[in-house]
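Shown next, in structure tokens, is the structure this report addresses.
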Amino acid sequence: MKLFLNTVFVTKHKERIPIMFYKINNQPFEVDIHVQLIDVEISKTHTIHVKVTNKYTNEIIFEGDQSFNMEKEGKKPEGYENVNAGIAELGIPLSMNPDEIKGVNTLNIEVTIEGSKQTVQLFLAGDING
């Protein structure tokens with residue numbers, strides 16, 4: 001069974017509502033990248049690669065990996081002890097100083113896992129109306 005990358009979305013740090021815009025100020029830039037997966041092998045260690053770039057210059061702002069193993073880190077619900085695959089949602093925190101994203105108005109956030117790739121965009125602004 002092949003792992004399926006279902007959805008990628010961005011929220012403010014430790015929140016659950018997806019956002020498309022982030023207001024930039026003098027505070028650290030803090031968001032969570034949520035990755036929803038289907039048909040995740042329970043006993044396998046999986047690695048998610050995250051690459052954040054400036055949409056217009058392709059400059060890499062952040063790049064890194066996050067590994068997880070559901071058998072070691074997750075908890076099987078009662079009655080599902082013999083299940084070998086499942087679903088998962090991971091929140092990957094991303095934090096930067098305002099200087100690191102100065103002059104950037106759109107981020108491309110690319111998530112890759114086991115050959116599946118999804119890119120979402122986050123618009124940055126000093127003032128958001130509406």
Side-chain angles (χ1 to χ4, degrees):
M1 192 173 314
K2 184 173 172 18
L3 181 143
F4 181 75
L5 177 56
N6 190 54
T7 304
V8 175
F9 62 94
V10 179
T11 67
K12 291 181 180 177
H13 185 54
K14 294 187 177 181
E15 293 189 16
R16 289 287 306 151
I17 299 171
I19 59 172
M20 289 179 56
F21 296 94
Y22 188 95
K23 184 175 182 177
I24 299 298
N25 52 34
N26 292 332
Q27 301 299 313
F29 169 84
E30 294 182 318
V31 297
D32 292 332
I33 302 164
H34 293 261
V35 181
Q36 294 179 340
L37 304 165
I38 299 172
D39 294 332
V40 181
E41 284 184 59
I42 303 286
S43 61
K44 181 179 175 183
T45 297
H46 303 273
T47 301
I48 297 174
H49 183 76
V50 177
K51 182 175 169 183
V52 179
T53 59
N54 180 329
K55 176 184 176 180
Y56 298 104
T57 66
N58 291 323
E59 173 190 1
I60 296 173
I61 296 169
F62 170 82
E63 189 165 18
D65 293 329
Q66 176 75 42
S67 294
F68 72 98
N69 181 305
M70 287 179 60
E71 189 170 58
K72 294 178 184 172
E73 300 166 31
K75 207 174 185 184
K76 288 185 181 180
E78 190 174 320
Y80 288 84
E81 292 81 11
N82 296 322
V83 173
N84 297 321
I87 60 173
E89 180 175 330
L90 290 89
I92 302 168
L94 178 64
S95 179
M96 294 181 269
N97 293 320
D99 289 345
E100 294 177 89
I101 52 173
K102 187 174 184 177
V104 178
N105 65 12
T106 306
L107 295 176
N108 276 345
I109 301 169
E110 179 184 284
V111 173
T112 307
I113 182 167
E114 296 178 16
S116 296
K117 185 189 309 187
Q118 228 179 81
T119 302
V120 295
Q121 293 185 345
L122 181 63
F123 300 94
L124 308 177
D127 187 24
I128 300 173
N129 296 314

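- For the pair D32 and L94, the minimum side-chain heavy-atom distance is 4.5 Å or more.
- Hydrophobic clustering of Ile, Leu, Val, Met, Phe, Trp and Tyr side chains at less than 4.5 Å, counting indirect connections, unites I87 with F4.
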Inset, instruction - Tell me, with the steps shown, if Y22 and F123 meet ring pair (Phe, Tyr, Trp, His ring centres under 6.0 Å). - result: CA-CA 6 Å; Y22 188 95; F123 300 94; over 10 Å; no

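- With a 4.5 Å cut-off on side-chain heavy atoms, V52 and I60 do not count as touching.
- Annotation: side chain of L37 is not in contact with side chain of E89 (no heavy-atom distance under 4.5 Å).
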Inset, instruction - Before giving the answer on side chain to side chain contact (heavy atoms under 4.5 Å, CB included), spell out for S43 and K72 the whole-Å C-alpha distance, their side-chain angles and the decisive distance to 0.1 Å. - result: CA-CA 8 Å; S43 61; K72 294 178 184 172; over 6 Å; no

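- Nearest heavy-atom pair, T11 versus H34, reported as atom, atom and distance to 0.1 Å: OG1-NE2, 3.0 Å.
- Evaluated for a side-chain contact (heavy atoms from CB on, under 4.5 Å) with I92, the options V10, V8, I48, V111 yield exactly one hit, I48.
- Taken to the nearest 0.5 Å, the OG1 atom of T7 stands 4.5 Å off from the CD atom of Q36.
- Within the 4.5 Å cutoff, the side chain of P93 has heavy atoms near those of the H13 side chain.
- The shortest side-chain heavy-atom distance between T106 and L122 does not fall under the 4.5 Å cut-off.
- Taking CG from N84 and CG from D39, the interatomic distance works out to 12.0 Å, rounded to the nearest 0.5 Å.
- Summarising the geometry, atom CZ belonging to F29 is positioned 8.5 Å from atom OG belonging to S95; distances are rounded to the nearest 0.5 Å.
- Between the side chains of H46 and E41, no donor N or O sits under 3.5 Å from an acceptor N or O.
- Not one N or O on the side chain of N97 forms a donor-acceptor pair closer than 3.5 Å with the backbone of E100.
- Counting heavy-atom neighbours within 6.0 Å of K14 NZ, excluding the residue itself, gives a total of 12 or less.
- More than 12 heavy-atom neighbours from other residues, nucleotides or ligands sit within 6.0 angstrom of CG on D65.
- The shortest distance between side-chain heavy atoms of F9 and R16 falls below 4.5 Å.
- The backbone N or O of E59 lies less than 3.5 Å from a partner atom in the side chain of T57, making a donor-acceptor pair.
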Legend entry - Stepwise side chain to side chain contact (heavy atoms under 4.5 Å, CB included) test for E63 and V50: CA-CA 6 Å; E63 189 165 18; V50 177; over 6 Å; no

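- Annotation for T45 and S67: closest pair CG2-CB, 4.2 Å, computed over non-hydrogen atoms.
- Two residues are said to be in side-chain contact when any heavy atoms from C-beta on lie closer than 4.5 Å; I19 and K12 meet this criterion.
- To the nearest 0.5 angstrom, K55 atom NZ is 11.5 Å from T119 atom OG1.
- In this structure, the side chains of F68 and M70 come closer than 4.5 Å at one or more pairs of heavy atoms.
- For the atom pair L107 CG and I101 CD1, the distance stands at 6.5 Å (nearest 0.5 Å).
- Transitive grouping of hydrophobic side chains (ILVMFWY, heavy atoms separated by less than 4.5 Å) keeps I38 and I113 in distinct clusters.
- The shortest non-hydrogen separation linking N54 to I61 is N-CD1, 3.7 Å.
- Closest non-hydrogen pair, P98 versus N25, comes out as CG-O, 3.6 Å.
- The line from CD of E71 to NZ of K44 is 13.5 Å long, rounded to the nearest 0.5 Å.
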